[in-house]
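Order of the sequence lines sets the chain letters (A, B, ...), proteins ahead of strands, with each chain counted from 1. No hydrogens, no waters, no symmetry mates; every other heavy atom, side chains included, goes into these values. Since the model is a prediction, treat every value here as computed from it, not as a measurement.
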Amino acid sequence: MVTKEKMDISQQKRDWENNTLKKTLDKSPERRERFITTSSRPIARLYTPTDIANLDYDRDLSFPGQYPYTRGVYPTMYRGRLWTMRMFAGFGTAEQTNERYRYLLEQGQTGLSVAFHLPTIQGLDSDDPMATGEIGVCGVAIDSLADMEILFSGIPLDKVTTSMTINAPAAILLCLYIAAAEKQGVSSTQIGGTIQNDILKEYQAQKTWIFPPDPSMRIITNILEFCTKKVPRWNTISISGYHIREAGSTAVQELAFTLANGLTYVQAGVDAGLAVDDFAPRLSFFFDSHLDLFEEIAKFRAARRIWAREIRERFNAEKRGSYLLRFHTQTAGVSLTAQQPENNIIRTTLQALAAVLGGTQSLHTNSMDEAWALPTEKAATIALRTQQILAHESGVANTIDPLGGAYFVEALTDEMEEEVYKYFDRIEKLGGVVEAIKKGFFQREISDSAFRYQRETEEKERIIVGVNEYLTDDRLEIPVLKIDPEVEKTQLARLQRTRKSRNNNKVEQLLNRLQKAAEGTENLLPHILAAVREYATVGEVCNALRDVYGEYQEPIIF
Amino acid sequence: MTESERKIRVLVAKPGLDGHDRGAKVVARALRDAGFEVIYTGLRQTPEQVAEAALQEDVDVIGLSILSGAHMRLFPEIMKLLKEKGIDDVLVIAGGIIPEEDIKPLKKMGIKAIFGPGTPTTEIVEYIRKKIR
Amino acid sequence: MTIDTNQLVKELLKGNRRAAARLMTLAESMSPEAHAAIKQLYPHTGSAHIIGVTGPPGSGKSTLVDKIIKEYRDQGKTVGVVAVDPSSPFTGGALLGDRIRMSRFSTDPGVFIRSMGSRGSLGGLAWATYDIVHILDALGKDIIIVETVGAGQAEVNIIQIAETIVLLSIPGLGDDIQTIKAGVMEIGDIFAINKADLDGADRRYAELEMALGLDRTSDGWEHPIIKVIATTGEGVEELVKAIQQHHEYLVTSGKIKQNQERRFCAQLETIVEHSFMRKLFVDPEERKLFQKLVQEVCERKTDPYTAAERLILQLIQPQDT
Ligand SMILES: Nc1nc2c(ncn2[C@@H]2O[C@H](COP(=O)(O)OP(=O)(O)OP(=O)(O)O)[C@@H](O)[C@H]2O)c(=O)[nH]1
Ligand SMILES: [Mg+2]
């Protein structure tokens with residue numbers, strides 16, 4: 001509703017435009033005809049109360065820790081506790097990573113995070129021909145329980161929590177973790193941690209899928225069900241916009257697709273007969289923070305509001321914990337430039353600022369060289385210091401949602417929310433997220449945005465310092481990641497030993513049982529757990545399922 | 001044979017296990033818009049698959065895109081296979097995350113150009129035009 | 001660049017895939033060398049079974065071709081594939097992605113896959129496609145599969161090339177009944193309903209049955225309708241059986257002769273027509289004459305008929321103009 005007073009402001013704005021502004025524009029036009037964000041969103045010259053005329057404080061913003069949580073999920077936010085400064089690491093063999101973990105734990109860290117090498121991520125054993133050259137390169141090599149035992153040897157799994165970046169074979173790695181804990185005498189109800197387990201964004205952006213979407217969704221539902229009953233402290237899905245954004249989407253696409261994926265998981269859980277309040281509190285989010293400060297802040301604020309509303313209104317959830325969109329943020333790897341690499345520190349600072357002003361629960365700040373190599377120690381330290389300076393020196397953590405009420409930020413938050421709902425409608429019309437994936441909808445949207453971004457950069461419609469303007473010869477020398485050839489040898493030898501020493505008849509039997517279950521409707525996790533306990537490998541379990549489900553073929557979208 | 005019918009054919013291949021195809025696809029699209037015929041192999045191709053596709057498609061150029069870090073294992077293998085198949089006259093170029101230290105050995109084995117992150121697509125188009133005409 | 005076509009043909013006939021690929025490139029650029037080569041290798045063609053797979057964009061043609069290759073490979077037959085995708089009418093560029101679906105065969109020496117952009121210049125596509133099929137045939141492939149988009153609307157008219165045509169449709173496309181009525185049906189020897197895992201496959205089956213009507217078997221061939229799921233391979237065995245039966249039917253009924261006439265008549269027409277057209281539009285001398293005559297018609301110095309007669313005469317018996 002437009003009140004009398006607000007009409008006056010729009011009248012006043014017109015007056016200003018016709019008198020004050022026009023005079024200036026006549027004399028000296030603006031720098032550009034069109035001002036756009038990183039996501040190619042046009043931005044107006046000025047925002048005034050007329051732009052938020054429809055804003056209803058109670059309905060749209062309310063107070064921190066209160067529905068719809070636009071201003072923050074907790075009542076005190078960073079005045080109570082700062083965000084978690086979580087930096088992600090891990091390369092090499094199980095032995096090397098284990099050593100690193102023990103060191104970190106000695107230093108007082110309580111959470112571990114695991115990055116797996118690509119063969120594990122793709123559900124392949126290290127001796128698969130496709131694994132050539134990839135063993136232990138982008139993360140730790142895990143083929144079987146034998147590796148998992150080494151990875152966590154001497155680490156009490158009832159005391160630490162572990163975050164595993166794993167998607168297509170997430171069920172298998174979770175079972176391996178449970179089996180490793182059992183070996184320590186720790187039961188599945190005592191362990192805590194996270195698996196990324198967000199397969200939908202794999203089809204849309206990250207592209208490390210194995211099975212087609214329908215069986216993948218069934219496996220995820222099995223995980224939700226199994227964890228609710230058997231692993232109650234486990235965070236079952238980390239619904240990730242990060243990879244969607246890094247693949248080239250706009251901010252609004254990241255937001256819309258991620259939320260649509262999240263709602264799809266919730267619907268799948270509900271359809272499987274789970275009560276929404278039993279599993280929704282165990283879902284969390286993972287977003288990118290890119291360069292356009294206000295757009296990013298608006299994105300995070302809109303995310304909380306939409307999620308709370310959808311969970312409450314669509315799914316009739318009743319628990320407060322179900323409404324909360326809690327999220328981890330990583331600064332945008334794609335925004336880092338090899339040219340004048342120190343500039344990346346400043347980029348990362350701005351992105352971290354956006355995440356904090358947007359109310360993130362935890363944050364990873366990229367090192368200036370992180371997009372190309374294992375960060376140097378110095379670079380990693382600066383990245384961490386960036387967060388500490390924001391937390392302790394900048395003053396931004398002193399008050400909650402400092403930009404709440406700003407004409408621009410509120411207008412942008414509303415605008416993005418509106419656009420998200422438009423995407424929801426389009427996705428709905430295509431038959432939902434899974435069908436839209438099969439039709440290549442997300443892939444096309446993302447690819448078009450990536451292409452447009454590239455074109456705008458090449459045509460200098462956007463300036464990237466050191467890349468298309470202010471050039472120098474200063475370039476990051478991408479260092480070589482030296483992976484000891486021993487890593488491959490050790491891994492292959494251990495895999496061979498495992499295959500020899502285990503009870504192969506039993507493994508075969510259990511894999512057959514798993515296949516039967518996969519053909520039917522039983523929960524797969526008890527069967528996977530049984531197989532990995534007997535040292536069935538990641539590749540073998542995946543192959544058993546590949547036989548039943550086939551491998552996904554993506555629609556070809558450029 | 002008339003100029004208009006002489007089409008430059010480019011194989012855009014993604015060896016390695018990673019799924020990061022943003023760069024490969026942006027380049028593929030730019031090459032198409034430049035009037036080239038681009039044959040895309042899809043993700044996760046073995047060296048043998050790349051070399052054989054290049055042979056059957058009789059391409060003028062092979063563009064390899066890799067971000068997994070396995071290039072020093074996979075690229076030499078591809079170059080060796082091209083030689084074995086008698087198609088080492090194709091122009092091979094690469095893009096992705098390739099450390100400085102690896103560039104020299106890769107060039108020595110016959111990879112003619114390596115385009116680092118942030119290379120404008122127009123530069124790649126011009127390079128190919130210059131080399132192939 | 002001088003090309004030793006004799007050498008290439010010799011190598012091709014020995015089974016050299018590299019030579020085959022080279023010749024295909026020449027054929028695609030309509031080079032005289034290619035046409036000379038085809039003359040030489042032609043006696044070595046004629047034994048392959050040429051199958052057309054056609055259907056709307058995204059209907060699963062490539063995925064299905066992959067499964068058909070598998071069936072034939074299991075039978076010990078060798079397979080050649082020509083996959084045609086549209087080129088951009090503006091830039092002439094193309095993104096060819098059909099191989100992706102068949103990549104498990106890219107290292108199988110018994111399979112040869114070639115992607116083509118439709119390019120769309122002066123009937124070149126159909127012509128080049130014949131040539132590439134001949135080259136695959138001479139290379140000794142038992143089965144040659146040609147994948148093209150659409151049916152009827154595509155520039156390459158599949159009935160001029162393939163002996164057996166598999167027409168693909170999928171459930172739930174609105175396009176169809178219209179297309180069916182428009183006579184596209186006549187070109188299909190076998191109707192495959194792909195994506196039978198989706199809703200509406202039965203309805204599509206009934207629609208097709210209806211559209212085909214009573215005279216479905218009037219020519220002695222039953223025009224089977226087969227439901228398949230290309231992604232899993234379900235129904236493909238039956239489909240391949242039908243393809244083989246169709247071939248047998250052509251041979252035993254003697255219809256193969258009509259089939260050949262149909263194809264070679266079209267091929268000959270294409271070659272003649274486009275040889276003329278190309279001369280007219282590509283050869284600079286002829287082009288000059290053509291433009292001059294256009295001017296003369298404009299200025300009413302002559303009439304279109306006389307002008308055309310002069311052009312035709314010039315093409316047959318070139319004289320200095
Ligand atoms: N559900 C389902 N999807 C299928 C089936 N067959 C193919 N697809 C999917 O349909 C999409 C297109 O498949 P393609 O084989 O590339 O189709 P095409 O007809 O060759 O496409 P163009 O060459 O681009 O015209 C892919 O995502 C396939 O996975 C099927 O039987 N069922
Ligand atoms: Mg196709």
Using a 4.5 angstrom heavy-atom cutoff, name the option from C:A94, C:S88, C:G97, C:A21 with the most pairs to chain B.
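Of the options given, most contacts go to C:A94.
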
Most chain C-contacting option - heavy-atom pairs closer than 4.5 Å, from B:Q45, B:E48, B:Q56, B:E52
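Most heavy-atom pairs within the cutoff with chain C belong to B:Q56.
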
Salt bridge flag under 4.0 Å for residues B:R9 and C:E28
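Yes, B:R9 and C:E28 are salt-bridged.
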
May I ask you to decide whether C:R22 forms a salt bridge with B:D60, counting only side-chain N to carboxylate O separations under 4.0 Å?
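Result for this pair is no, no salt bridge flagged.
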
Shortest non-hydrogen contact from C:S87 to B:E37?
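Result for this residue pair: OG-OE2, 4.4 Å.
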
How close do B:D33 and C:T91 get, heavy atom to heavy atom, and via which atoms?
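Of all heavy-atom pairs spanning B:D33 and C:T91, the closest is O-CG2, 3.2 Å.
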
Could you look at C:R99 and say if it's the side chain, the backbone, both or neither that has a heavy atom under 4.5 Å from chain B?
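Only the side chain of C:R99 comes within 4.5 Å of chain B.
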
If I measure from the heavy atoms of chain B, does C:V111 come under 4.5 Å with its side chain, its backbone, both, or neither?
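For C:V111, backbone heavy atoms alone lie under 4.5 Å from chain B.
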
Interface moiety of B:F36 toward chain C, non-hydrogen atoms closer than 4.5 Å:
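Only the backbone of B:F36 comes within 4.5 Å of chain C.
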
Hey, does the side chain of C:R17 reach the backbone of B:L55 with a donor-acceptor pair shorter than 3.5 angstrom?
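It does not hold such a pair.
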
[Y] and [X], any side-chain heavy atoms less than 4.5 Å apart:
X      : Y      : value
B:Y40  : C:I100 : yes
B:Q49  : C:R104 : no
C:R114 : B:E57  : yes
B:D58  : C:M24  : no

Is there a side-chain contact (heavy atoms from CB on, under 4.5 Å) between B:K7 and C:S29 once you walk through the steps?
CA-CA 8 Å; B:K7 275 264 172 282; C:S29 41; over 6 Å; no

Could you give the distance from CG (C:L96) to CZ (B:R32), rounded to the nearest 0.5 Å?
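Here the rounded value is 10.5 Å.
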
